[in-house]
Amino acid sequence: MCPERTLPKFDSSSVNLTKEEALVLYEDMVLGRLFEDKCAEMYYRGKMFGFVHLYNGQEAVSSGIVKALRPQGDYVCSTYRDHVHALSAGVPAKEVMAELFGKETGCSKGRGGSMHMFSAEHGLLGGYAFVAEGIPVATGAAFQSKYRREAMQDENSDSVTVCFFGDGASNNGQFFECLNMAALWKLPIIYVVENNKWAIGMSHYRATSQPEIYKKASVFDMPGYEVDGMDILAVNTLAKEAVARARAGEGPTLIEALTYRFRGHSLADPDELRSPEEKEFWAKRDPIKKFAAYITERNLASSEQLKEIDSRITSQIDEAVKFAESSPEPNPEDLRRYVFAED
Ligand SMILES: Cc1ncc(C[n+]2csc(CCOP(=O)(O)OP(=O)(O)O)c2C)c(N)n1
Ligand SMILES: [Mg+2]
């Protein structure tokens with residue numbers, strides 16, 4: 001049951017992905033899903049500490065949006081639910097897993113853990129434990145791209161920034177302040193609100209005066225769109241349009257992806273507040289199953305080929321765990337390293 005809102009329909013007949021493009025999206029979603037399942041296992045085995053927030057169910061948003069960016073040179077800004085955004089941005093699974101284990105080989109050198117993935121090399125601007133805190137950081141990244149291009153005459157500066165955040169975050173002040181400046185300055189940024197209907201145990205419908213978040217773009221004279229966040233074709237098609245607009249200097253876009261997390265808020269959440277009917281409604285819309293059906297119906301790949309991908313990803317994640325387990329802890333003598341930039 002999903003009484004509050006109808007999921008927007010998308011006509012996939014107009015989309016013509018090549019086999020390669022389809023498999024990139026499929027593989028990235030499977031990587032996200034199986035990685036998070038492994039995290040749950042490792043967390044309950046006591047290998048990870050602190051809060052761990054998983055992304056199961058929302059994969060079509062990360063893969064559909066991030067894969068519309070260039071493989072290098074663009075920026076992705078995340079939240080505390082950041083493992084899968086990091087993977088989509090190209091951070092190797094072993095470095096994300098090692099970070100979760102608090103190891104020196106992690107993408108944040110083991111200093112950050114689950115909520116603080118970072119990789120300069122992959123344009124990953126970070127995970128942020130404070131709700132909405134990534135929004136100003138991402139807006140700043142988009143500002144610097146434009147400043148380099150226009151004030152410093154660097155024609156190569158045409159990066160696009162994607163900023164992910166949740167429905168809960170969209171009620172925070174940073175959201176409104178940053179959308180205002182981004183629209184005013186026509187910044188090359190895409191704000192992606194992953195509306196999964198819940199902020200921990202707070203229903204979106206009890207927390208906001210206008211639950212259709214995409215409509216909030218209009219007051220800043222910014223294009224705003226809602227999209228079925230369980231349909232990777234819909235998300236990816238919209239993302240490509242928004243990226244092209246940003247790259248062409250036409251300014252920001254707000255995308256509201258209607259999605260759902262298949263697990264509790266964090267691995268410490270018994271997940272007792274959401275109704276079984278609601279969970280079932282969304283489970284039936286599993287984005288990976290939906291896209292797998294599209295791929296086989298269109299003869300882009302056979303179900304055997306998809307199974308081969310699944311098992312290759314399973315081995316990759318097992319390797320990531322081995323890597324994380326066998327990696328060294330950070331050296332206590334390096335406690336103060338990375339607090340300030342080194343020359
Ligand atoms: C500034 C701030 N206020 C409160 C919290 C506690 N908190 C952590 S997660 C969360 C819910 C945010 O929900 P949403 O933005 O919808 O993201 P989701 O967890 O659904 O991905 C809250 C209130 C926080 N981390 N930071
Ligand atoms: Mg939410």
Side-chain angles (χ1 to χ4, degrees), residues 2 4-5 7 32-33 35-36 39-40 43 50-66 76-88 112-117 125-139 162-179 191-214 216 226-230 235 254-275 278-279 281-283 285 287:
C2 176
E4 302 92 349
R5 206 154 153 191
L7 285 170
R33 174 71 57 87
F35 186 94
E36 295 292 63
C39 281
Y43 176 87
F51 287 112
V52 175
H53 307 84
L54 300 187
Y55 194 76
N56 298 54
Q58 302 186 200
E59 297 86 357
V61 187
S62 182
S63 304
I65 300 273
V66 178
V76 172
C77 190
S78 187
T79 66
Y80 44 83
R81 207 177 291 289
D82 59 354
H83 317 161
V84 176
H85 295 150
L87 295 171
S88 294
S114 171
M115 300 193 276
H116 303 283
M117 298 295 160
L125 300 170
Y128 291 85
F130 291 108
V131 170
E133 208 57 34
I135 305 177
V137 175
T139 307
V162 162
C163 177
F164 290 103
F165 51 96
D167 46 283
S170 74
N171 294 318
N172 282 32
Q174 294 100 315
F175 170 75
F176 299 95
E177 295 173 40
C178 290
L179 261 69
Y191 295 103
V192 181
V193 50
E194 300 194 58
N195 183 356
N196 60 14
K197 302 182 71 187
W198 291 87
I200 313 183
M202 171 60 75
S203 161
H204 180 56
Y205 295 89
R206 287 185 63 205
T208 195
S209 57
Q210 169 50 279
E212 292 178 79
I213 304 168
Y214 74 99
K216 292 176 179 168
E226 62 174 342
V227 67
D228 178 353
M230 312 304 265
V235 175
L254 174 65
I255 294 177
E256 180 186 9
L258 301 174
T259 184
Y260 202 68
R261 56 170 160 75
F262 288 169
R263 291 175 177 267
H265 171 72
S266 73
L267 284 172
D269 173 11
D271 192 19
E272 288 165 343
L273 290 168
R274 305 182 304 166
S275 72
E278 183 179 288
K279 290 181 198 176
F281 172 91
W282 291 94
R285 283 159 182 78

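We're numbering straight along the sequence, starting at 1. When a ligand or atom number is given, it counts from 1 through the structure's own listing order.
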Does Thr259 offer a backbone N or O that forms a donor-acceptor pair with the side chain of Asn196 under 3.5 Å? no
Checking side-chain polar atoms at under 3.5 Å, does His53 have a donor or acceptor matched by the opposite partner on Ser114? no
Ligand-side contact atoms (ligand 1) for residue partner Phe130, heavy atom cut-off under 4.0 Å: 26 (N)
According to the interplanar angle, ranging from 0 to 90°, do the rings of Tyr55 and His85 count as parallel (below 30°), tilted (30 to 60°) or perpendicular (above 60°)? perpendicular
Option whose closest heavy atom lies nearest to atom 15 (O) of ligand 1, chosen from Ala169, Ala132, Ala207: Ala169
Among all protein heavy atoms, pick out the one at the shortest distance from atom 16 (O) of ligand 1; state its residue, atom name and that distance to 0.1 Å. Gly168 N, 2.8 Å
Among Gly201, Ala199, Gly166, whose heavy atom sits nearest atom 13 (O) of ligand 1? Ala199
Counting the benzene-type ring for Trp, do Phe51 and Tyr80 have ring centres under 6.0 Å apart? no
For Asn196, the ligand 1 atoms whose distance to one of its heavy atoms is below 4.0 Å: 18 (P), 20 (O), 21 (O)
Any N or O on Asn172 sitting closer than 3.5 Å to an N or O of ligand 1? no
Tally of protein N, O or S atoms, where distance to the Mg ion (ligand 2) is under 2.8 Å: 3
Need the ligand 1 atom indices (1-based, order shown) with element for anything under 4.0 Å from a heavy-atom of Trp198. 16 (O), 20 (O)
Give the residue, atom name and distance (to 0.1 Å) of the protein heavy atom nearest atom 21 (O) of ligand 1. Arg81 NE, 2.9 Å
Val192 and its side chain to side chain contact (heavy atoms under 4.5 Å, CB included) partner, picked from Val162, Leu254, Val235: Val162
I want to know if ligand 1 touches Ala129 in the polar sense, i.e. an N/O pair below 3.5 angstrom. yes
Which bit of His265 is near ligand 1, meaning a heavy atom under 4.0 Å away: side chain, backbone, both or neither? side chain
Going by atom types only, do Asn56 and Glu36 share a side-chain donor-acceptor pair under 3.5 Å? no
Tell me yes or no: between the side chains of Arg274 and His265, is some donor less than 3.5 Å from an acceptor? no
If you measure every N or O of Tyr80 against every N or O of ligand 1, does any of those distances drop under 3.5 Å? yes
Return the residue, atom name and 0.1 Å-rounded distance of the protein heavy atom closest to atom 24 (C) of ligand 1. Val131 CG2, 3.5 Å
